[in-house]
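To start, the structure itself, in structure tokens.
Predicted, not measured: the structure shown is a model, and the values here were computed from it. By convention in this document, chain letters (A, B, ...) are assigned in the order of the sequence lines, proteins followed by strands, and residues within each chain are numbered from 1.
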Number of protein chains: 2
Amino acid sequence: MDAAEFRKRGKEMVDYVADYLEKIEKRQVFPDVEPGYLRPLIAQCAPQDPESFEDVFKDIEKIIMPGVTHWHSPYFFAYFPAASSFPALLADMLCGGIGCVGFSWAASPACTELETVMLDWLGKMVNLPEEFLAGKDGKGGGVIQGSASEATLIALLAARTKTIRQVQSEKPELTEAEIMGRLVAYASDQAHSSVERAALIGAVKIKNVPSDDTFSVCGSALKKVLDEDKAAGLIPFFFCATLGTTPCCSFDKLLELGPICNKENIWMHIDAAYAGSAFICPEFRHLLNGVEFADSFNFNPHKWLLVNFDCSAMWVKKRSDLIGAFKLEPLYLQHHHQESGLVTDYRHWQIPLGRRFRSLKLWFVLRMYGVKGLQEHIRKHIRLSHQFEHLVLQDERFEICAKVVLGLVCFRLKGSNELNEALLKSINDAKKIHLVPCHLREKFVLRFAICSRTVESTHIKFAWQHISQLATDLLKTWVQNHHQQ
Amino acid sequence: MDAAEFRKRGKEMVDYVADYLEKIEKRQVFPDVEPGYLRPLIAQCAPQDPESFEDVFKDIEKIIMPGVTHWHSPYFFAYFPAASSFPALLADMLCGGIGCVGFSWAASPACTELETVMLDWLGKMVNLPEEFLAGKDGKGGGVIQGSASEATLIALLAARTKTIRQVQSEKPELTEAEIMGRLVAYASDQAHSSVERAALIGAVKIKNVPSDDTFSVCGSALKKVLDEDKAAGLIPFFFCATLGTTPCCSFDKLLELGPICNKENIWMHIDAAYAGSAFICPEFRHLLNGVEFADSFNFNPHKWLLVNFDCSAMWVKKRSDLIGAFKLEPLYLQHHHQESGLVTDYRHWQIPLGRRFRSLKLWFVLRMYGVKGLQEHIRKHIRLSHQFEHLVLQDERFEICAKVVLGLVCFRLKGSNELNEALLKSINDAKKIHLVPCHLREKFVLRFAICSRTVESTHIKFAWQHISQLATDLLKTWVQNHHQQ
């Protein structure tokens with residue numbers, strides 16, 4: 001395919017994408033396919049000779065679309081949102097076209113410099129303390145990671161290196177392996193599985209801190225486990241606070257936890273993967289109070305800030321902590337500017353070496369929406385979650401299971417877990433809307449997350465009427481079965 | 001921006017990208033900017049109100065392009081190639097439009113299933129042993145990682161978990177920390193820095209195995225360090241063999257190394273990040289002989305197989321080894337198909353949780369180029385590297401520093417490192433072409449890598465005449481300075 005054909009096909013693809021997103025509401029949100037559906041539909045090997053674009057293009061509707069879960073359907077209420085917007089799609093086209101690999105400043109200066117400045121813009125939008133910004137000569141700064149999982153891992157690894165060095169300087173008789181064997185990381189029992197995974201990768205112990213009855217970790221809970229562990233000769237070194245937990249969007253109490261971490265010399269990382277985007281609205285910024293005690297902070301514009309995946313924003317107060325944990329400098333990656341204070345080589349800030357020009361997406365989205373446009377998007381979603389909450393509360397058969405703060409509603413039928421599992425199954429089998437569940441303590445709970453950029457009040461009403469009707473149907477047979485037993 | 005405006009702007013962006021790539025030859029390959037150039041050109045904060053697409057669009061040429069290193073210029077000969085092709089760009093547009101996050105089968109079945117089948121296609125193209133393919137009920141299979149660094153890390157972590165479990169079952173008196181303290185990973189002294197980094201992250205020792213005078217690791221070199229380390233009570237557990245090293249594209253001797261690793265129960269991972277794409281040509285496939293002894297294998301279609309970044313292909317013989325190292329199952333990620341043998345949840349195969357629909361790029365590229373088209377691309381690059389090699393060899397002032405096997409030529413002026421550093425500086429200061437250096441033993445060497453999809457014989461001739469002229473100019477002043485001293 002030459003440039004001339006790309007002009008033609010590219011425009012057809014633009015129209016296909018526009019059509020897909022404009023009419024996504026008409027597609028069934030969750031596919032009908034069974035595992036293994038795709039393999040029999042395509043050849044066993046790559047073709048020897050080129051096929052035409054038309055041949056490939058027609059297979060999109062024939063082979064791919066029947067197996068797609070439509071994350072941008074206004075009937076998709078599962079997981080958390082995956083961001084999507086037209087400005088981000090345009091930026092991604094440009095990113096692909098430029099196709100540079102920005103592992104160092106010299107590998108493409110614009111790629112590195114735009115990222116640093118965009119992370120400053122974004123940091124200012126959520127009113128991060130100055131120390132987290134790069135500015136012209138700051139010690140902190142931001143970076144785009146691929147995911148919150150990577151941000152958590154990077155933070156844990158930086159904390160591990162820092163702590164090992166400190167302990168070794170104080171107790172030179174200890175080997176690195178001995179110190180490693182005593183390090184402990186902590187996170188809420190509500191924290192995302194990626195925190196446990198980061199500890200697994202980093203080969204350190206991790207302990208759950210019990211959350212309170214609002215599913216938040218408070219200071220006393222952390223202090224209790226720290227005291228026990230220190231008494232047992234362990235070395236607490238890392239705490240991952242969560243703002244907006246995945247099960248129910250609860251918030252750890254930063255203002256209590258931060259001072260404890262600072263006093264105990266524990267790296268505090270804040271994972272606000274979903275919730276972080278809301279902090280651009282002044283009325284929600286208080287949820288981030290206490291960030292001033294943190295060493296690192298992360299949230300995902302690719303979840304809720306209309307920047308297509310991947311774009312996970314991470315800030316650190318001391319970039320030297322990250323770089324110190326990873327810096328390796330083979331000659332083919334050195335360049336003559338690298339000792340300058342103005343130069344950032346992002347390869348030292350992340351797990352992979354290569355990186356795409358992802359800051360273009362932030363640049364396009366922040367400028368074409370403006371802060372106000374993005375605030376509107378967040379506020380609409382939160383309005384809709386409260387609308388759903390009110391509908392649930394008006395139905396005495398149901399209960400709300402956690403405080404609705406942002407765009408997630410946790411709810412269930414009053415009754416057994418089996419009943420709620422049956423309700424979820426009937427919802428997801430009907431495939432008119434799509435939800436996923438969670439456990440809150442011993443309760444099986446349904447999560448209703450406002451996801452799509454285009455979801456409106458009518459979709460919420462439809463979803464509720466549908467759930468309500470399925471509940472009515474279910475309860476009829478359920479009561480009958482119970483009576484028969 | 002609504003869908004209607006996206007249709008308009010998207011088409012403008014397609015034309016912009018087509019123009020950029022068609023006329024890239026006219027742009028200076030390496031930018032003139034100094035560190036810090038970008039910040040003064042843009043606002044200090046994100047705008048409150050939306051800006052128009054036109055405003056953003058005109059800033060691309062004004063602010064971004066002056067700072068871009070043009071990786072797809074036919075005058076770019078630095079690092080290794082970054083793949084780019086029109087079919088891949090089209091697929092990426094579709095990937096962005098669908099915008100699903102494919103961490104589990106249920107999160108978007110097509111996303112997972114196409115990936116498994118595409119990795120089988122690609123595995124067959126390089127004639128991987130059957131064990132590495134997923135097929136309908138294989139124990140192995142492939143996955144798309146973001147980078148070779150992640151593939152190496154994942155392999156090392158899987159090997160670490162496997163070895164710890166084995167050692168613990170044989171010697172239950174040892175703690176995990178004690179075992180960790182004795183684990184050793186190995187790689188060539190020519191291996192990529194990401195291998196050392198993987199060991200750093202995984203908190204295990206790593207040792208360089210000395211390469212021979214062709215910069216390859218042979219069996220006896222590995223055996224020697226293994227014997228020493230085992231005698232010292234250490235536990236060798238992982239060897240990363242490199243096919244196509246970054247400095248000079250040398251090849252470790254798999255047929256000698258593989259049987260040693262198998263006998264010693266050491267996980268052998270093969271990093272063929274750059275070279276792997278060449279194995280689709282039968283005449284280069286012999287370089288992969290010995291892969292049958294490996295546990296995992298990785299190469300980057302995003303380097304040399306015309307699939308835009310990111311797309312790093314990794315295969316394992318036993319997928320259970322990867323999954324066993326990482327599997328964590330919170331309820332919100334469970335789905336009712338997951339225990340089926342046909343289902344793959346790729347989140348257990350990688351560091352991040354989220355993942356894009358990257359297999360679309362492979363699907364588009366493999367079909368629209370066909371195996372033959374891709375072989376042609378590889379063969380053209382290798383032809384051009386030999387053309388450059390011959391030009392160098394005809395000039396008695398220069399020497400070739402390592403055998404030219406694929407698309408990389410390592411060369412230098414006969415003489416001191418300082419002289420060659422000066423030559424590289426004059427080349428990169430002139431900015432007509434772009435190269436990076438490497439060290440081969442104590443020698444400072446220039447790397448000439450065939451990179452662009454559109455590079456032709458004329459560009460090679462131009463590059464050589466230019467280098468030759470700069471060498472003449474340099475040698476004149478160099479000799480004068482030497483005489484004066």
Side-chain angles (χ1 to χ4, degrees), chain A residues 1 3 6-7 10-11 13-14 17-18 22 33 35-36 38 46-51 56 64 67-69 71 82 84 86 89-90 92-93 96-97 99-101 108-110 113 121 146-147 149 177 181 193 203 328 330-332 337 340 342-343 352-354 366-367 370-371 373 436 438-439, chain B residues 1 3 6-7 10-11 13-14 17-18 22 33 35-36 38 46-51 56 64 67-69 71 82 84 86 89-90 92-93 96-97 99-101 108-110 113 121 146-147 149 177 181 193 203 328 330-332 337 340 342-343 352-354 366-367 370-371 373 436 438-439:
Chain A
M1 184 179 293
F6 174 70
R7 287 179 202 272
K11 288 163 194 176
M13 190 60 88
V14 166
V17 167
E22 262 188 331
V33 299
L38 187 138
Q48 286 296 310
D49 293 301
E51 295 182 49
V56 179
I64 302 302
V68 170
T69 305
W71 280 62
S84 176
F86 294 120
L89 292 175
L90 293 172
D92 237 355
M93 289 164 65
C100 64
V101 183
S108 212
E113 296 206 7
W121 277 21
S147 66
S149 306
S193 55
L328 298 170
L331 186 61
Y332 48 83
H337 277 302
S340 150
L342 278 169
V343 163
L353 178 60
L366 299 184
R367 292 181 68 183
V371 175
V436 295
C438 71
H439 275 137
Chain B
M1 184 179 289
F6 173 71
R7 288 177 201 272
K11 289 163 193 175
M13 190 59 88
V14 165
V17 167
E22 261 187 331
V33 299
L38 187 137
Q48 286 296 309
D49 293 300
E51 296 182 48
V56 178
I64 302 302
V68 170
T69 304
W71 280 63
S84 176
F86 294 120
L89 292 174
L90 292 172
D92 238 354
M93 288 163 65
C100 64
V101 184
S108 211
E113 297 207 5
W121 277 21
S147 66
S149 306
S193 55
L328 296 171
L331 186 61
Y332 48 83
H337 277 302
S340 149
L342 278 169
V343 163
L353 178 62
L366 299 183
R367 292 181 68 184
V371 175
V436 295
C438 71
H439 274 137

Heavy-atom pair count under 4.5 Å with chain A, highest-scoring of B:Gly10, B:Gly354, B:Ala177, B:Ser108
B:Ser108
Top contributor to chain B contacts, counting heavy-atom pairs under 4.5 Å, from A:Val68, A:Val436, A:Leu38:
A:Leu38
Quick check for you: among B:Cys438, B:Gly36, B:Ser84, which has the greatest number of heavy-atom pairs under 4.5 Å with chain A?
B:Gly36
Flag the one option from B:Arg7, B:His439, B:Met13 with the top tally of heavy-atom pairs under 4.5 Å to chain A.
B:Arg7
For side chain to side chain contact (heavy atoms under 4.5 Å, CB included), just list the numbers for B:Glu113 and A:Val33, CA-CA rounded to whole Å, side-chain angles, deciding distance to a tenth of an Å, and then say yes or no.
CA-CA 11 Å; B:Glu113 297 207 5; A:Val33 299; 5.8 Å; no
Closest contact, heavy atoms only, A:Ala3 versus B:Phe86:
N-CE1, 3.5 Å
Quick check on A:Glu22 against chain B: is it the side chain, the backbone, both or neither that has a heavy atom closer than 4.5 Å?
side chain
In chain order, what residues pass the side chain to side chain donor-acceptor pair (under 3.5 Å) check against A:Ser147, with sequence neighbours excluded?
A:Glu150
Report the option among B:Gly146, B:Ala82, B:Ala203, B:Ala110 that has the most heavy-atom pairs separated by less than 4.5 Å from atoms of chain A.
B:Ala110
Under 4.5 Å to a heavy atom of chain A? For B:Ser149 that would be side chain
Taking B:Gly99, B:Gly181, B:Gly67 one by one, which has the highest count of heavy-atom pairs under 4.5 Å against chain A?
B:Gly67
Over all atoms of both residues, closest heavy-atom pair of B:Phe6 and A:Ala18
CD2-CB, 4.0 Å
Side chain to side chain contact (heavy atoms under 4.5 Å, CB included) involving B:Ala46 - partner list, sequence neighbours excluded
A:Trp121, A:Met125, A:Leu366, A:Val371
Distance in Å, B:Asp49 CG paired with A:Arg367 CZ, rounded so as to fall on 0.5 Å steps:
13.5 Å
